[in-house]
Amino acid sequence: MSTPARGVVVTGAAGDLGRALCRRFVDDGWAVFAADLAPVAEAEGVVPARVDVTDRAQVFDLAERAAAAAPLQAWVNAAGIFVAGAVSDADEATWERVVAVNLGGTFHGCAAALRVLARAGGGRIVNVGSVSGQVGGTGVHPAYGASKAGVHALTKTYALEGARHGVLCNAVAPGLLEGSMSHEFGDRARERLESANPMRRFGRMDEVAHVIRFLADASNTYMNGAIVPVNGGAYMPS
Ligand SMILES: NC(=O)c1ccc[n+]([C@@H]2O[C@H](COP(=O)([O-])OP(=O)(O)OC[C@H]3O[C@@H](n4cnc5c(N)ncnc54)[C@H](O)[C@@H]3O)[C@@H](O)[C@H]2O)c1
């Protein structure tokens with residue numbers, strides 16, 4: 001009898017980064033539980049799930065279904081929304097929505113993942129933060145950086161709590177990436193941001209997926225609570 005594929009839950013799986021993550025995990029032989037509000041494309045090794053990450057019950061239900069279907073080893077919280085705009089015009093409704101998805105959704109994901117991974121004897125949680133959570137940003141609703149700073153803090157809390165259950169929790173903090181989110185900025189702003197990067201380009205989704213894949217792996221046995229910059233050197237915290 002063949003060993004069942006190890007499982008990973010990826011939220012935001014229909015998005016640019018989520019699709020790159022699904023490809024990468026499937027290529028490496030994982031069973032991917034691909035959750036998103038938007039439809040996820042059917043593919044070999046991918047189990048699509050329509051889940052709103054702001055709905056705690058849906059996220060916990062996803063965790064139980066995934067854990068019942070495969071030996072779950074990792075959970076990636078990649079669902080997120082980004083709203084460009086002048087900080088001086090920032091409205092409260094957008095604040096609520098961004099915080100609910102980016103921070104609340106990651107909280108529900110961490111809580112559900114800790115429950116099922118601890119029960120299985122251990123695993124890895126990887127959150128998707130942002131350089132905006134480290135340095136803030138103009139031209140973006142202030143909720144974005146605030147929610148991502150919250151994701152970084154959540155990561156450390158779940159790293160502390162998860163450690164005694166064998167559940168390590170880390171985050172990536174990407175800079176601006178090639179994809180639909182960066183097109184929220186106008187062409188002039190994109191050019192300015194691109195040329196300000198030491199590498200003179202935005203990151204690619206597969207470059208971030210590569211780092212997440214490492215953090216999700218059981219072979220990462222001692223990195224815990226890290227916020228890993230994936231930004232081309234645009235910001236280098238000591
Ligand atoms: N693209 C960038 O430049 C960049 C930079 C730093 C961090 N990030 C972060 O990376 C992650 C992925 O971003 P992306 O570039 O793939 O963006 P994307 O918009 O392509 O993907 C985000 C996905 O999240 C899903 N989503 C939104 N609300 C949801 C909800 N309530 N429930 C379930 N799914 C929901 C969307 O449907 C979408 O498929 C986000 O957390 C984002 O903040 C992106």
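Indexing begins at 1, ligand by ligand and atom by atom, following the structure's order.
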If you measure only the distance, is there a donor-acceptor pair under 3.5 Å linking the side chains of [X] and [Y]?
{"X": "T106", "Y": "N77", "answer": "no"}
{"X": "S195", "Y": "R200", "answer": "no"}
{"X": "D16", "Y": "S180", "answer": "yes"}

Look at [atom] and say which protein heavy atom is nearest, naming residue and atom and giving the distance to 0.1 Å.
{"atom": "atom 40 (C) of ligand 1", "value": "A78 O, 3.3 Å"}
{"atom": "atom 31 (N) of ligand 1", "value": "D52 OD1, 2.9 Å"}
{"atom": "atom 41 (O) of ligand 1", "value": "K148 NZ, 2.9 Å"}
{"atom": "atom 38 (C) of ligand 1", "value": "D36 OD2, 3.5 Å"}
{"atom": "atom 6 (C) of ligand 1", "value": "P174 O, 3.5 Å"}
{"atom": "atom 8 (N) of ligand 1", "value": "Y144 OH, 3.6 Å"}
{"atom": "atom 3 (O) of ligand 1", "value": "L177 N, 2.8 Å"}
{"atom": "atom 13 (O) of ligand 1", "value": "M181 CE, 3.6 Å"}

Is there a path of hydrophobic side-chain contacts, each under 4.5 Å between heavy atoms, that joins [X] and [Y]?
{"X": "V10", "Y": "I212", "value": "yes"}
{"X": "V228", "Y": "F214", "value": "yes"}
{"X": "V126", "Y": "V46", "value": "yes"}

Check each atom of ligand 1 against the heavy atoms of [X] and keep those under 4.0 Å away; list them by number with element.
{"X": "L176", "value": "3 (O)"}
{"X": "L17", "value": "10 (O), 12 (C), 16 (O)"}
{"X": "G129", "value": "7 (C)"}
{"X": "M205", "value": "1 (N), 15 (O)"}
{"X": "G12", "value": "23 (C), 24 (O)"}
{"X": "V51", "value": "32 (N), 33 (C)"}
{"X": "S180", "value": "20 (O)"}

Between V101 and ligand 1, is there a nitrogen or oxygen pair with a distance under 3.5 Å?
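No: no nitrogen or oxygen of V101 is under 3.5 Å from one in ligand 1.
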When you compare ligand 1 with D16, is there at least one nitrogen or oxygen pair between them that comes in under 3.5 angstrom?
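N/O-N/O distance below 3.5 Å exists for this pair.
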Counting heavy atoms only, which of [options] is nearest [atom]?
{"atom": "atom 21 (O) of ligand 1", "options": "A35, A173, G15, G80", "result": "G15"}
{"atom": "atom 5 (C) of ligand 1", "options": "G179, A38, G105, G175", "result": "G175"}
{"atom": "atom 32 (N) of ligand 1", "options": "N102, I81, T54, V53", "result": "V53"}

Y144 and F82 aromatic ring geometry - parallel, tilted or perpendicular at 30°/60° bounds:
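Answer is perpendicular, since the angle exceeds 60°.
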Does the pair D28 and R24 meet the rule for a salt bridge (Lys or Arg N to Asp or Glu O under 4.0 Å), with working shown?
CA-CA 6 Å; D28 291 346; R24 178 64 199 262; 3.1 Å; yes
Below 4.0 Å from ligand 1: does a non-hydrogen atom of [X] turn up there or not?
{"X": "T11", "answer": "no"}
{"X": "E178", "answer": "no"}
{"X": "S182", "answer": "no"}

List for me each residue that meets side chain to side chain donor-acceptor pair (under 3.5 Å) alongside E161, sequence neighbours excluded, and say none if there are none.
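Once residues adjacent in sequence are excluded, the partners of E161 under the side chain to side chain donor-acceptor pair (under 3.5 Å) criterion are R164.
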How about H183: does its NE2 atom have over 12 heavy atoms from other parts shown lying under 6.0 Å from it?
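Yes, enclosed.
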Is it true that atom CZ of R115 has more than 12 heavy atoms of other residues, nucleotides or ligands lying nearer than 6.0 Å?
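Atom CZ in R115 is not packed in, count stays at 12 or less.
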Suppose the criterion is ring-ring contact (aromatic ring centres under 6.0 Å, His included): which pairs have a residue in residues 9-44, not counting sequence neighbours?
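The answer is F25-W30.
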Check the pair R204, E207 against salt bridge (Lys or Arg N to Asp or Glu O under 4.0 Å), reporting the backbone distance first and the verdict last.
CA-CA 5 Å; R204 296 192 315 266; E207 291 173 317; 3.4 Å; yes
Assess the residue pair R124 and L215 against the criterion (side-chain contact (heavy atoms from CB on, under 4.5 Å)); give the C-alpha distance rounded to whole Å, side-chain angles, the decisive distance to 0.1 Å, and a yes or no.
CA-CA 7 Å; R124 305 289 177 267; L215 294 171; over 6 Å; no
